[in-house]
Asker: 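Please read through the structure below; I'll follow up with questions.
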2 protein chains.
Amino acid sequence: MNIRELARRSGVSTATVSRALNDRAEVSEATRAKIRALASELGYAPNEPARTLVRRRSDTIGLIWDSGQEARGLHNPYLLGLLSAVRTALSEADYHLMLLNTPGAEEQDTALLQAVRRHNLEGVIVLTTPPDDRCLRLLAGSTVPCAGIDTAFTGPRTVRVSSDNAAGAELAVQHLYEQGHRRIATVTGPLHLPPAAERLAGYLRACTRLGLAVPPEYVTEGDFFLASGQSAGKRLLALADRPTAIFAAGDQMAIGAMHAAADAGLSVPGDLAVVGFDDIDAASLVRPALSTVAQDQRGLGEAAVASLRGLIDAAPVEPAQPRIVPTRLVVRGSSRPRG
Amino acid sequence: MNIRELARRSGVSTATVSRALNDRAEVSEATRAKIRALASELGYAPNEPARTLVRRRSDTIGLIWDSGQEARGLHNPYLLGLLSAVRTALSEADYHLMLLNTPGAEEQDTALLQAVRRHNLEGVIVLTTPPDDRCLRLLAGSTVPCAGIDTAFTGPRTVRVSSDNAAGAELAVQHLYEQGHRRIATVTGPLHLPPAAERLAGYLRACTRLGLAVPPEYVTEGDFFLASGQSAGKRLLALADRPTAIFAAGDQMAIGAMHAAADAGLSVPGDLAVVGFDDIDAASLVRPALSTVAQDQRGLGEAAVASLRGLIDAAPVEPAQPRIVPTRLVVRGSSRPRG
DNA sequence: GACCGTGCCGTAAACGTTTCCGATCGGCGG
DNA sequence: CCGCCGATCGGAAACGTTTACGGCACGGTC
């Protein structure tokens, strides 16, 4: 069942069928309707590879994420939500989606770039901070439009979209302040990662704005995982000037801090309030449930797709501005009014 | 940079270049090496759409999962792991992967089938139990090879791969038995879903094998979510013949049961041991950490890909046997030896 | 020496679509 | 009546590959 067969049965030429189905103007309404009807009756679907070949565009974009993390057993609970958001946003824009595999160490440096060319991909969306990868750097350095969600690469035709990490952190601190807390400490992520640095900046900004003192020992660096939050919490709770609240730059670390409080015989939120960042699944499963700054995954996905489309059909006029997506505070039991 | 240009620069014809790069025999080693070298030097990558067009096979399979769940706010923490596993297994088999979007209610019934034909997909992998969808049923009923992970459709060229739910449940009960428990209750999932039914069957089988009495009130049905586990736990703990251990068919329900124990002033695992199923992220974050039956996501992904390949290049001889992948018990704090 | 097989390679026809370039046909103003 | 114009369509050339087919040279066998 190809366009020729459909043309034969409609009594017109393949050119007319193509024009009819592609909503071109040079075809009468009558024949267009007839062809449409016959096409859907016969279940005709145009062959995409052939279209791609002649049009020299595939309406397809590639998606890639850092699976190195999972390989090391570290799930990023956000990936799935981002994936779905990107997928629906792309399909609404009539793009197809191809999953690229993160090149391992044994791959060629050009593996990613080659994959893009092989499939005529019109752009690539990169999820989460990837390892310091040469493949990815090569891709970003090329003229292939790239949108990165929470990634830090730069290139001639790249755009970065990320949550408003600083504002989110401010939200958290503001909330704790409103609950009466004045001694608020923080556990950061690895500070060489942009999101971690931005969340710290937001924390500091809020503290100065609110007139809160931030002794240097109130800022401890973690690695986004449970254990680091627990040990950081333990250190913070042993301080002479013990904080009454902790803002952790990641939910796992926040849960770790809650464990540290329990270890010290302190109650949450009575003796220590905790606010995290990300709203992972576990946040609503632990007890007390974790207050946290939720990222807008759908918004991130839509922003990435919108930016990418801009990059695709616009000339590379200027380095695209990063797109910032607002966050939202979710208040749960771990920061309710002090008892 | 196409094959013609490469042929010109190598001083041979396009046919020879094609044969050289596709490892056909009718090319001398010398010219093959020369072409290879030139190709990688020039960064030549064959155009997949053109290949697909002429070969009439795309080396691409489609992936689809039920995003209805997420839309309703229900994350399936397993999806991401499965996704990665499928992706790596496919790329090792030199297949490309295209993400299909789950058709909404407004789509044509034939949307999925049409997508498969448009892109010349050679097969489809379906993740997690989808809604009772006509699109999917149409796909399964066609001759398109389909592999479903934890899905219950059937068709002429479909195969189902799933974890050994029954054996996993037996593992859990056996473990609790070995810890000295004799009164073991269970919280099931919705029993119309095959995994839930199988886990219950495994529980019952283990109990009879071990000679444990199972009063009817020891079996309560939940919906895989936290609240159902909590209320089920509450009911079980109020029983005159109170169980000393609970096997929950899902981790969220298991955590709910732990909350119920805390509400009743009981300690875990001292007064009540709990074992879950799935090993979601939260399992290792709650306190005490949750013992659980972990699914082998990588194994599931590889089995799905292997089955699909069998379906693709074999004649549809007989209805393919379902592939069963073993599970693994992860013992954590919630079921450690009784105090 | 004729013949055949084999190894290597080139020519050209496909694959299914889009689109450029004409062609045809009414209608309409001059 | 003539030429022009817009609307509608068909013919045919692309797009970049793979592969059937045939050709050529060479070595071996009778």
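Per chain, numbering begins at 1; letters A, B, ... match sequence-line order. Heavy atoms only: backbone and side chains are in, while hydrogens, waters and symmetry mates are out.
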Asker: When the side chains of residues 11-21 of chain A are checked against the rest of the protein, which donor-acceptor pairs come out under 3.5 Å, sequence neighbours left out?
Answerer:
residue: S13(A); atom: OG; partner: A15(A); partner atom: N; Å: 3.4
residue: S13(A); atom: OG; partner: T16(A); partner atom: N; Å: 3.3
residue: S13(A); atom: OG; partner: T16(A); partner atom: OG1; Å: 3.3

Asker: Is any NZ, NE, NH1 or NH2 atom of the basic residue among D23(A) and R36(A) found under 4.0 Å from an Asp or Glu carboxylate oxygen of the other?
Answerer: yes

Asker: Figure out the CG/C1' separation between N22(A) and dT8(D), and round it to whole Å.
Answerer: 17 Å

Asker: Would you indicate whether the side-chain heavy atoms of I64(B) and I125(B) approach each other to under 4.5 Å?
Answerer: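 No - every pair of side-chain heavy atoms lies 4.5 Å or more apart.
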
Asker: Kindly say whether, by distance alone, the side chain of R19(B) makes a donor-acceptor pair under 3.5 Å with the base of dG10(C)?
Answerer: yes

Asker: Are side-chain N/O atoms of S28(A) and T31(A) paired as donor and acceptor at under 3.5 Å?
Answerer: yes

Asker: Please list every donor-acceptor pair under 3.5 Å in which a side-chain atom of residues 46-54 of chain A meets a protein atom from a residue at least two apart or in another chain.
Answerer:
residue: N47(A); atom: OD1; partner: A50(A); partner atom: N; Å: 3.0
residue: N47(A); atom: ND2; partner: N120(B); partner atom: OD1; Å: 3.1
residue: E48(A); atom: OE2; partner: R118(B); partner atom: NH2; Å: 2.5
residue: T52(A); atom: OG1; partner: E48(A); partner atom: O; Å: 2.9

Asker: Figure out the CZ/P separation between R8(A) and dG16(C), and round it to whole Å.
Answerer: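 That distance rounds to 15 Å.
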
Asker: Please report, rounded to the nearest Å, how far the C1' atom of dC15(D) is from the CD atom of E5(B).
Answerer: 16 Å

Asker: Of A15(A) and E26(B), whose closest DNA chain C nucleotide lies nearer the 5' terminus?
Answerer: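 Result of the comparison: E26(B).
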
Asker: Which whole-number value in Å describes the distance from R32(B) CZ to dC8(C) P?
Answerer: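 Those two atoms, CZ and P, are 9 Å apart.
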
Asker: Please report the distance, rounded to the nearest Å, between CG in L6(B) and C1' in dT17(D).
Answerer: 13 Å

Asker: Mind checking if S28(B) touches a base, just sugar-phosphate, or nothing, with heavy atoms under 4.0 Å?
Answerer: sugar-phosphate

Asker: For DNA chain C, which residues in residues 35-61 of chain B have a heavy atom at a distance below 4.0 Å?
Answerer: L53(B), V54(B), R56(B)

Asker: When you measure from the side chain of T16(B), which nucleotide among dC9(C), dT18(C), dT17(D) comes out closest?
Answerer: dC9(C)

Asker: Does atom CZ of R57(A) have more than 12 heavy-atom neighbours from other groups under 6.0 Å away?
Answerer: yes

Asker: Can you tell me how far the CG atom of L136(B) sits from the SG atom of C146(B), to the nearest 0.5 Å?
Answerer: 7.0 Å

Asker: Choose from dG10(C), dT17(D), dT19(D) the nucleotide whose nearest atom is closest to any side-chain atom of V12(B).
Answerer: dG10(C)

Asker: Could you give the CG-to-P distance, from N2(A) to dA14(C), as a whole number of Å?
Answerer: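 Taking CG of N2(A) and P of dA14(C), I get 14 Å after rounding.
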
Asker: What is the distance, to the nearest angstrom, from the NE2 atom on H119(A) to the C1' atom on dT17(D)?
Answerer: 15 Å

Asker: Tell me: CG of N120(B) to P of dT17(C), nearest whole Å?
Answerer: 10 Å

Asker: Just N and O in the side chain of T31(A): are any of them under 4.0 Å from OP1 or OP2 of dC9(D)?
Answerer: yes

